[in-house]
Each structure stands twice: as structure tokens, then as C-alpha cells.
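Sequence lines set the chain letters: A, B, ... in the order given, protein chains first and strands last, and positions in each chain run from 1.
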Amino acid sequence: MYALVDCNSFYCSCERLFRPELLKRPVVVLSNNDGCIVSLTKEAKLLGLKMGEPFFKVEKLIKEKKVAYFSSNYALYGDLSNRVMSILEEEINDVEVYSIDEAFLKLEAMEQFEYQRLGEKIKERVFLEVGIPVSVGIAKTKVLAKIANHIAKKNAEAQGVFVFPDDGKKDDVLKKFPVSEIWGIGSSSSMKLLMLKIKSAYDLKYYENEKEIQKILTKKGRQIQDELREISCVETESFEKKKTILSTKSFGASVYLLKELEEAISVYITRACEKLRKEESLAASMLIFIQTNPFKETPQYAMQAMVHFSTPTDNTFVMIKEGKRLLEKIFLEGFEYKKAGVMLMDLSDSDSFQLSLFDDPKKINQNENLMKVVDKINQRYHEVVVKSLACGTEGRWKMQRQFKSPSYTTRWSDLLKIKI
DNA sequence: TCTGGGGTCCTAGGACCC
DNA sequence: TCTGGGGTCCTAGGACCC
């Protein structure tokens, strides 16, 4: 059996924790660069606000209705997430952290009512000890646990905990559950299923032509079908190392010049390499891309370029040099650029890598100590204070976060002050 | 007129998730 | 004016080999 524990409107709940007066007010949290809504409370949903909506389109409504709005504060959310997860780990041995706000727990066999009780206990403990409301769904497979969790959240009578029934009622639950809400079925797949008259989870579970499902939804779709039939087959390994590392960002203002793009790319390479070294990995290839704004009716251009390193590296300076070279190859003058990014690929462990035949082993780790010192200094100050000059000196490539709350739990100077 | 069969590797793109 | 960022997996098709 699996339990899926999922924090309710996680980012918003984190903001409310330190601003209890917001408990009754609608709250939304915005994406990087304050672009779109990425988390919202049910009060905000009632006002008609939606996940993924651009902020500028709903700004007026938000202000009119006195909705509290925040930029994302990852230092805060990450820290609270760790606290939630450590409670789950105290309760259950086998915890798989699936994302910042949810985890799968593998449960031992017990009676139905005991599952219910366990779910309630977890929910209460997390709320009491961290202050974050969670929902718990329990079922035989991960896909079913996701469905159970959905019901735990949506149905008022479930009160945040739902154990998938083990008797004849289970198909009734599936009949009421739209196929489009199943985990792993997106809008494109649900359209295709609709053509086959598959509307509910129940329809998919009992659809007999498995080859057809394989054909239109590929392997993943067949797995989902099996999971609905209580055959567990979806793996979610979250502890493996990353296979690619990305750093990409939209620009606040439009960019036209090669020199500006060079700076931006250098900043993103710096960030990506930091992540790479933190993972203790090396990259064997790097891809950079630039593009115009697809939402605008201006001439469009998007291009990418890739380089393979003869010896895998994690060296920021080496990559910046290559990045500039690639950029020159793909840059075209006259376009209004909106976004650029870097992708590090073919990652391998930094303690075991293949030298190229022509490399001098002594030169491979030339800058290793320098990189270590740079990382240490930047970690200490929580921002990039030492960097390559290629990144520019104005810091204009930083993320916009105009409405960020304090880092209450990770910065001494941001500690909450209470007047008595 | 008529041009095989079997295989690998790589890449781009689609779909999905949070 | 203003539309996120980071990630995984799968498949089809091209290029290539013998």
C-alpha cells in the first residue's frame, strides 16, 4: 500500500504560516520573475483565479479583492518542506520524496481502519509540528493513491484523509473520477481517450483493447491502466542523480545585442555549473539556446547549439568560453530576444570519469581549488559575490522578485519579530 | 522495370509532472 | 509593458554500418 502525502496550496501555506492574519484571506504565489500564478488557496480559486495565469492579466482583480500576493521564496519553502519530510520519515521508514510538497510512503499491511487512523495521525502531526496543512491518500498503487489524495482534498467529508475502498465501492469512486485528472494523463492524452469514449478512470480501467492504449498513450498509458487495476508498476526514483541540469530565464526587458546575450549566458552557465558541482557531477556536453518572445507579434527566431567536451568538466570558466563561442555561431542581429538558457547534459560522477586520449591529466583539474573557493564564498553570502567578469557587473540578469517575503527560517536578519 | 535485411546510435520533439 | 523554470521519459525517424 502507498500513502501520498501532499501539502495543500504549499507555497501559500508557507506564506500564511508567518502571517496568520492571511488565514482567511485569499493568497497567491507567483512564478519566477513574478510572471504567473503558481500556487493559490481555495479562497483565491473561488474568485476565479487560476493556476498558470499571467499576473498582469489578473493584477487588477487581485488588488480589488485584496488578495495577498507574493513572489516565490524558495529558501522558505525548501526549509519548511524539509521539516515536513523529516516528520514523515519519523513515522514511516520508506519515504520517497517526490517533489517539494509531496511524498509517497510505502506502508505495511494492516486493516482498512488502521490506514485511516495512520493518515489522520500524519496529518495532525505535520500540522501541529510544522503548521502546514496536508492531505493524505492511501491505496494499493501510486496512481490510485494520487486519486485518493485528490478526493481527500476535494471532498469536505473526507477531511483531508481518504483510504481507497477495498470493496465493491472502489469502482464507484473510479466512475466519478474524470480520466483527465489522472496523474500522467494530460490534456493531449485525455482528448485522444475521449475519441475512444473513455471519460472516467473506470472507463480506462476496463478498456479491453490494450494495444490501442499502448499505441496512443505509449508505455506510460499502459502502466497507468495497470495501476488502476491495482497492479503496481510506476517507479518514481527520486534519489538518483540528475541527468540534465538547466538554467534558463526570460529577460525583464527585451535584448538585442550579442554582448548582452553573452552576459546572460555567462550568468546562466555560472548557475548551472554551481548546481553541477553541488551534485558532484561532470558534464560531457552543453547546449545553449536563445529565442524571441512567442507571445509577441514580432519576427520570431529560436536557435540552439551544442558542444561535446573531450573530457567531462564542471569548470565554469571553460564553459563560459565555450558558451560564448556557441552563441556567436547562432546569434542573428535584428531580433528582439526574450529568453536564453543553458543545458548541461551527459552527466557523470565527478569521482569516476574517462580521460580523453590527448588530455594531460595534470591539467584536468587545474581550476578545481579555485572553483571550490568561489563556491564557498558565494554560499556564505547566499548570493553570487565572486564571479567571472563575463557575467557583467550590473546584476541585471537576476530574477525579479518584487514581492518576496522574508527568509524567516534561514536568515538571522529575517527572523520574525514580535512586539509584546 | 527491377535495388535487402538487420542492426545501432543519435536527435528532435512530444507529453507530462511539479 | 507584462505570459516561469526545472526536470523526466518515450518514440519516430535519420544516418550510418555490414
Side-chain angles (χ1 to χ4, degrees), chain A residues 4 6-7 9-11 28-40 50-60 62 69 71-72 74 77-78 81 97-104 142-143 146 149 180-193 214-224 233-254 268 271-272 274-276 279 284-285 287 289 291-298 302-306 308 336 338-347 397-403:
Chain A
L4 175 65
D6 191 314
C7 303
S9 307
F10 181 54
Y11 294 174
V28 301
V29 173
L30 305 175
S31 64
N32 297 336
N33 279 331
D34 299 329
C36 311
I37 295 176
V38 288
S39 176
L40 65 172
K50 288 200 181 73
M51 186 81 167
E53 231 166 352
F55 178 57
F56 75 91
K57 281 192 182 169
V58 287
E59 191 174 353
K60 206 169 149 230
I62 282 178
Y69 53 101
S71 305
S72 353
Y74 293 110
Y77 312 150
S81 170
V97 178
Y98 177 66
S99 74
I100 194 164
D101 74 330
E102 63 190 300
F104 285 104
K142 287 179 180 166
V143 167
K146 270 272 186 182
N149 188 284
S180 57
E181 310 240 315
I182 298 173
W183 183 46
I185 308 255
S187 61
S188 165
S189 298
S190 51
M191 294 281 269
K192 289 177 195 157
L193 290 173
Q214 167 85 39
K215 209 177 103 194
I216 62 172
L217 303 188
T218 73
K219 190 180 159 189
K220 190 89 179 280
R222 274 291 299 124
Q223 285 188 339
I224 290 171
C233 55
V234 169
E235 302 275 344
T236 47
E237 286 161 65
S238 43
F239 288 109
E240 268 186 33
K241 282 197 174 187
K242 288 204 180 83
K243 292 173 180 166
T244 55
I245 287 176
L246 274 113
S247 176
T248 134
K249 217 148 285 120
S250 303
F251 308 134
S254 297
Y268 304 156
R271 267 183 47 92
E274 262 171 23
K275 285 195 228 172
L276 186 67
E279 283 266 312
S285 34
L287 177 143
F289 69 88
Q291 66 180 60
T292 49
N293 187 348
F295 294 104
K296 251 183 166 177
E297 305 238 337
T298 48
M303 193 48 71
Q304 61 191 52
M306 192 164 65
H308 292 280
E336 188 179 342
K338 178 63 182 168
K339 192 175 178 179
V342 176
M343 201 168 163
L344 304 180
M345 293 172 299
D346 303 323
L347 308 189
W397 309 108
K398 265 200 229 161
M399 198 197 306
Q400 275 225 22
R401 287 196 292 183
Q402 239 184 297
F403 321 112

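The CE-C1' distance, from A/M399 to C/dT3, rounds to 16 Å in whole Å. With rounding to whole Å, A/K60 atom NZ is found 20 Å from C/dC2 atom P. As a whole-Å value, the separation of A/I216 CD1 from B/dC16 C1' is 15 Å. Spacing between atom CG of A/L344 and atom P of C/dG6 amounts to 11 Å, rounded to whole angstrom units. Whole-Å rounding puts the A/Q402 CD to C/dT1 C1' distance at 13 Å. A/R271 has its CZ atom 10 Å from the C1' atom of C/dG6, to the nearest Å. Across the protein-nucleic acid pair, A/F251 atom CZ and C/dT3 atom C1' stand 16 Å apart, rounded to whole Å. Rounded to whole Å, the distance from OH on A/Y77 to P on B/dC18 is 18 Å.
Here the nucleotide nearest the side chain of A/N32, chosen from C/dT3, C/dG4, B/dC16, is C/dG4. Distances from the side chain of A/K57 to the nucleotides B/dC16, C/dT3, B/dC18 place C/dT3 closest. Side chain of A/C36, nearest nucleotide from C/dC10, C/dG4, C/dT8: C/dG4. Side-chain atoms of A/K275 lie closest to C/dG6 of the nucleotides C/dT8, C/dT3, C/dG6. Proximity note for A/N293 (side chain, C-beta onward) versus B/dC18, C/dG7, C/dT3: the nearest is C/dT3. Residue A/S247 places its side chain closer to C/dG6 than to any other of C/dG6, B/dA12, B/dC16. Distance from the side chain of A/W183 is smallest for B/dC18 among the nucleotides C/dG7, C/dC10, B/dC18.
In this structure, A/K219 does not reach the C/dT11 phosphate: none of its side-chain N or O atoms is under 4.0 Å from OP1 or OP2. Under 4.0 angstrom from either OP1 or OP2 of C/dC9 there lies no side-chain N or O belonging to A/K220. For A/K338, a side-chain nitrogen or oxygen approaches OP1 or OP2 of C/dT3 to under 4.0 Å. Checking the phosphate oxygens (OP1, OP2) of C/dG4, no side-chain nitrogen or oxygen of A/T248 falls inside 4.0 Å. OP1 or OP2 of C/dG5 has at least one side-chain nitrogen or oxygen of A/S250 nearer than 4.0 Å. Using a 4.0 Å cut-off, some side-chain N or O of A/S188 falls inside it from OP1 or OP2 of B/dA15. Within the 4.0 Å cut-off from OP1 or OP2 of B/dA15, not a single side-chain nitrogen or oxygen of A/S187 is found. Listed pair A/N33 / C/dG5 meets the phosphate criterion, a side-chain N or O lying under 4.0 Å from OP1 or OP2.
Note: A/I245 CD1 to A/L347 CG = 5.5 Å, rounded to the nearest 0.5 Å. Separating the NZ atom in A/K146 from the CD1 atom in A/I182 is a distance of 12.5 Å, to the nearest 0.5 Å. Taking OG of A/S39 as the start and OH of A/Y77 as the end, the distance is 7.5 Å to the nearest 0.5 Å. In this structure, A/S71 OG and A/D34 CG are separated by 3.5 Å, a value rounded to the nearest 0.5 Å.
Side-chain contact check for A/V29 versus A/F10: every heavy-atom pair is 4.5 Å or farther apart.
Rounded to whole Å, the separation between the P atoms of B/dC2 and C/dC18 comes to 28 Å.
Counting non-hydrogen atoms under 4.0 angstrom, A/K243 reaches the backbone sugars and phosphates but no base. Contact annotation for A/D101: backbone-only contact, meaning every heavy-atom pair under 4.0 Å involves sugar-phosphate atoms and none involves a base. Nucleic acid contact for A/I185: sugar-phosphate only, since backbone atoms but no base atoms lie under 4.0 Å from a heavy atom of the residue. Contacts of A/Q214 with the nucleic acid, taken as non-hydrogen atoms under 4.0 Å apart, involve only primed sugar atoms and P, OP1 or OP2. Across all strands shown, A/I37 has no heavy atoms under 4.0 Å from either base or sugar-phosphate atoms. Note on A/I245: only backbone sugar-phosphate atoms sit closer than 4.0 angstrom, heavy atoms only; bases stay farther off. Looking at heavy-atom distances under 4.0 Å, A/K215 makes no contact with the nucleic acid at all. In this structure, A/E53 reaches neither bases nor backbone, as no heavy-atom distance under 4.0 Å exists between it and the strands shown. The residue A/R222 sits apart from the nucleic acid: no heavy atom pair falls under 4.0 Å.
Mapping A/L246 and A/Q223 onto DNA chain C by nearest heavy atom places A/L246 at the nucleotide closer to the 5' end.
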Item to check | Pairing pattern in dot-bracket form [Watson-Crick, G-U; both distances under 3.5 Å; | = partner strand] for DNA chain B | outcome: ....||||||||||||||
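At least one donor-acceptor pair closer than 3.5 Å links the side chain of A/S81 to the backbone N or O of A/I100. Put simply, the side chain of A/S31 never gets that close to the backbone of A/I37: no donor and acceptor are under 3.5 Å apart. With hydrogens and angles disregarded, a donor-acceptor distance shorter than 3.5 Å links the side chain of A/K241 to the backbone of A/E279.
Ring geometry for A/F104 against A/W183 counts as tilted: the plane angle lies between 30° and 60°, on a 0 to 90° scale.
Residues forming a side chain to side chain contact (heavy atoms under 4.5 Å, CB included) with A/S254 (at least two apart in sequence, or on another chain): A/Y256, A/K296, A/E336.
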